[in-house]
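Residue numbers begin at 1 in each chain, while the letters A, B, ... track the order of the sequences.
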Amino acid sequence: MLFSKLYAPTIKEKPADSETISYELLTRGGFIRKVAAGIYTYLPLGWRVIKKITKIVEEEMDKIGAQEFMMPIIQQAEIWKESGRWEDYGPEMMKLSDRHGREFTLGPTHEEMITFIVRNELRSYKQLPLILYQINQKYRDEIRPRFGLMRAREFIMKDAYSFHSDEKSLEETYQDFYRAYSKICERLELNYISVEADTGAIGGTDSHEFIILASTGESDIYVCDSCGYSASEERAQSKIPENIPEEIEPLEEVPTPNVKTIEDVSEFLKVSKEKIVKSLLYVGRNGYVMALIRGDYELNESKLKSLLKDQTLRLATPEEVQRDFGVPIGFIGPVGIDGVKVQKVADLSIKNLNNFVVGGMKEDYHYINTNLNRDFTVELWGDIRTVKEGEGCPKCGNQLRHTKGIEVGHIFKLGTKYSEKLNGYFVDEEGKNKPYLMGCYGWGISRTLAAIVEQLHDDNGIIWPISVAPYTVEIVIVNTSDEEQRTFGFKLYEILKSRNCEVLLDDRETSAGFKFKDSDLIGFPIRITVGKKLKDGKIEIKKRYEEKGVEVSIKKGLEEVVDLIEKTIEEYSTKFIQNNLTIS
RNA sequence: CAGGGUGUAGUUCAGAUGGGAGAACGCCAGAAUCGGGAUCUGGUGGUCGAGGGUUCAAGUCCCUCCACCCUGACCA
């Protein structure tokens with residue numbers, strides 16, 4: 001490809017709506033253009049990268065026996081109503097209707113559709129396991145699209161679905177996906193980790209996320225450097241703190257005028273926060289839920305939701321609390337509340353706590369010396385607290401480290417959740433009808449494009465790994481009106497092309513500096529400069545991530561030069577530079 | 001959705017008190033020449049977000065709407 005013909009409009013200035021480094025560099029480099037909030041066009045360079053990412057993903061999918069196919073983007077409302085997610089997913093969906101008023105959605109995901117497709121003809125255990133996948137556009141009406149391609153309303157995703165007759169088969173496929181996703185990250189030459197994750201709105205049992213590390217990422221993760229434990233913030237656990245047992249004191253009600261927050265209570269009653277139990281009132285599908293946690297910890301809403309299997313859970317408003325309990329929110333507590341009206345859920349951090357402080361269920365009062373079982377009971381125990389950096393690893397006890405990244409892949413064991421609801425049954429060896437076990441596996445293709453840039457860039461532009469670079473080699477003819485340079489540049493270009501090297505020739509009639517700036521901004525891995533030194537029989541080969549290139553004599557013949565270029569391509573690796581760049 | 005901000009040339013922006021729509025970069029033509037967005041000459045380019053109102057006169061003041069960005073809940 002000749003640069004003079006390539007539609008890659010580059011921009012010198014930072015776009016005014018520049019949100020993140022990937023948005024800025026991909027826009028300036030002529031890879032993408034924003035069309036509306038969260039909606040993008042992929043220009044030729046961007047599309048080349050997308051296709052390369054896609055190819056890697058497809059190859060790894062094919063290797064584990066997944067079959068590629070294609071489902072429609074427009075989906076009828078009926079199947080979503082059947083699964084109950086027309087309401088649950090609700091505002092997140094782009095909805096539309098045809099001229100007859102029949103409702104549709106632009107698919108935000110395809111669990112309903114896949115089950116609809118297979119439920120009539122996937123009827124025998126002999127057909128299982130089955131793995132299908134597709135790559136297409138997904139639509140989510142995000143409340144606030146942000147971070148460029150990282151949270152778009154229209155985005156490209158690979159989604160795979162698997163069907164199994166038993167748990168063992170599901171587990172095997174889950175592991176296959178786990179390995180395939182790791183392989184994809186490795187082929188992309190990225191610094192990544194996989195973490196235990198929350199299943200969220202998709203539901204199911206086990207789940208892992210694949211995170212590309214970048215300080216600008218929006219996923220918070222906790223890792224243990226000594227045993228390798230890693231988990232997302234929604235899921236991460238830490239060693240349960242030990243509470244020293246004390247002699248039990250009698251319950252006492254004390255006046256605490258206008259003392260509402262944990263800080264206030266701690267100060268007013270001169271007790272440490274560890275000796276206070278925070279009561280948070282939530283409203284869920286089955287009414288009120290009171291979450292109890294030690295005063296020095298933060299509640300983790302994702303954990304609470306998955307413990308209660310209720311994604312609709314939300315904090316009760318002060319008005320609701322006042323109306324239904326007659327107490328301002330600062331004074332609610334577990335004592336005197338019965339388990340029918342309010343389900344009490346407690347974090348393990350208060351399990352052995354004695355003589356603690358709770359709200360008095362009466363304005364301006366708290367209880368001191370409260371004790372479990374004697375003064376109130378807990379209906380459900382679980383881990384519902386947010387982990388903090390420095391706490392002990394749940395497996396080995398070493399300190400947990402906090403880091404950030406971008407979630408590009410997410411795998412789930414769904415179990416029978418969708419097959420049961422959507423009538424996806426098969427007949428087993430004994431002739432019995434059973435719902436199949438399912439797994440679903442997502443990979444954000446367009447998000448990967450952005451994530452790579454977030455991880456691999458410097459002040460001058462993008463640093464593509466060879467595996468996904470729009471072109472592997474760029475030849476820059478410094479002075480296009482110099483006949484010798486021109487001739488040599490074109491000759492080398494033709495040879496490289498004939499060797500199946502993806503090469504771009506910058507033949508534009510602009511200044512040298514202009515071409516070099518574009519070259520760094522776009523981020524071709526290897527740049528060959530054909531300039532004034534050609535007179536002395538020399539050209540330069542430079543790796544994008546190195547300061548200086550190497551001068552190469554062309555006197556021994558072009559074959560040798562081309563061999564050297566190919567060797568440079570082989571040696572090129574973004575791996576070792578990553579820690580010096582943006583990862584913190 | 002709530003709170004805040006911004007909309008003027010292709011891009012980044014300037015336009016105080018109401019009265020001429022501007023700069024730089026880009027783009028086009030030409031010159032010179034070419035190792036880090038370099039230089040010179042000439043040119044091109046506008047529904048001042050949209051609609052309404054006040055006024056002799058509105059980019060500027062008022063109202064309505066829209067879009068985009070920032071802070072929060074959601075997610076591959």
*Has Arg144(A) got a side-chain N or O lying under 4.0 Å from the OP1 or OP2 atom of C69(B)?*
no
*Working to the nearest 0.5 Å, report the span between CD of Glu407(A) and CZ of Arg151(A).*
10.5 Å
_Students often get this wrong, so: under 4.0 angstrom with heavy atoms, is Ala450(A) touching a base, only sugar-phosphate, or nothing?_
nothing
*Taking for each residue the nucleotide of RNA chain B with the nearest heavy atom, is it Glu301(A) or Gly38(A) whose nucleotide lies nearer the 5' end?*
Gly38(A)
*Which part of the nucleic acid does Lys14(A) contact within heavy-atom distance under 4.0 Å: base, sugar-phosphate only, or nothing?*
sugar-phosphate
*asked:* I'd like to compare against my own output: the B/S/- annotation of nucleotides 33-40 of chain B with a strict under-4.0 Å heavy-atom distance to protein.
replied: -BBBBB--
*Would you write the dot-bracket representation of RNA chain B, where each base gets (, ), [, ], | or . depending on whether it forms a Watson-Crick or G-U pair under 3.5 Å and with which partner?*
(((((((..((((.....[..)))).(((((.......))))).....(((((..]....))))))))))))....
_Taking any heavy-atom pair under 4.0 Å as a contact, classify Pro15(A): base, sugar-phosphate, or nothing._
sugar-phosphate
_Please classify the nucleic acid contact of Arg314(A) as base, sugar-phosphate, or nothing, using heavy-atom distances under 4.0 Å._
nothing
*Residue Ser446(A), side-chain atoms from C-beta onward, closest of C74(B), C68(B), A76(B)*: A76(B)
*asked:* Does any part of the side chain of Ile184(A), heavy atoms only, come nearer than 4.5 Å to the side chain of Phe210(A), both counted from C-beta?
replied: no
*asked:* Can you tell me how far apart CG (Leu26(A)) and NZ (Lys34(A)) are? Round to the nearest 0.5 Å.
replied: 12.5 Å
*At what distance, to the nearest 0.5 angstrom, does CD1 of Ile522(A) lie from OG1 of Thr10(A)?*
6.0 Å
*Scan Glu142(A) against the nucleic acid and name what it touches under 4.0 Å (heavy atoms): base, sugar-phosphate only, or nothing.*
base
*Take atom CD1 of Ile74(A) as the centre, draw a 6.0 Å sphere, and report whether it contains more than 12 heavy atoms from other residues, nucleotides or ligands.*
no
*Just compare C75(B), A73(B), U12(B) and give me whichever is closest to any side-chain atom of Ala16(A).*
U12(B)
_By the 4.0 Å heavy-atom rule, please label Lys158(A) as base, sugar-phosphate, or nothing._
nothing
*Could you check which of C70(B), A76(B), U11(B) has an atom nearest any side-chain atom of Arg447(A)?*
A76(B)
_Does Leu307(A), at its CG atom, have more than 12 non-hydrogen atoms belonging to other residues, nucleotides or ligands within less than 6.0 Å?_
yes
*Do the side chain of Arg140(A) and the base of C74(B) come within less than 3.5 angstrom through a donor-acceptor pair of N or O atoms?*
no
*asked:* Rounding to an integer number of angstrom, what distance separates G10(B) and G26(B) when you compare their C1' atoms?
replied: 7 Å
*Whether Trp443(A) stacks on the six-membered ring of A76(B) base, 5.5 Å and 30° limits*: no
*Think Arg447(A) forms a cation-pi with Phe155(A), using NZ or CZ under 6.0 Å from the six-ring centre and within 45 degrees of its axis?*
no
*Rounding to the closest angstrom, what is the interatomic distance between G36(B) and U41(B) at atom P?*
23 Å
*Write down the distance separating the C1' atoms in G3(B) and A73(B), rounded off to the nearest Å.*
14 Å
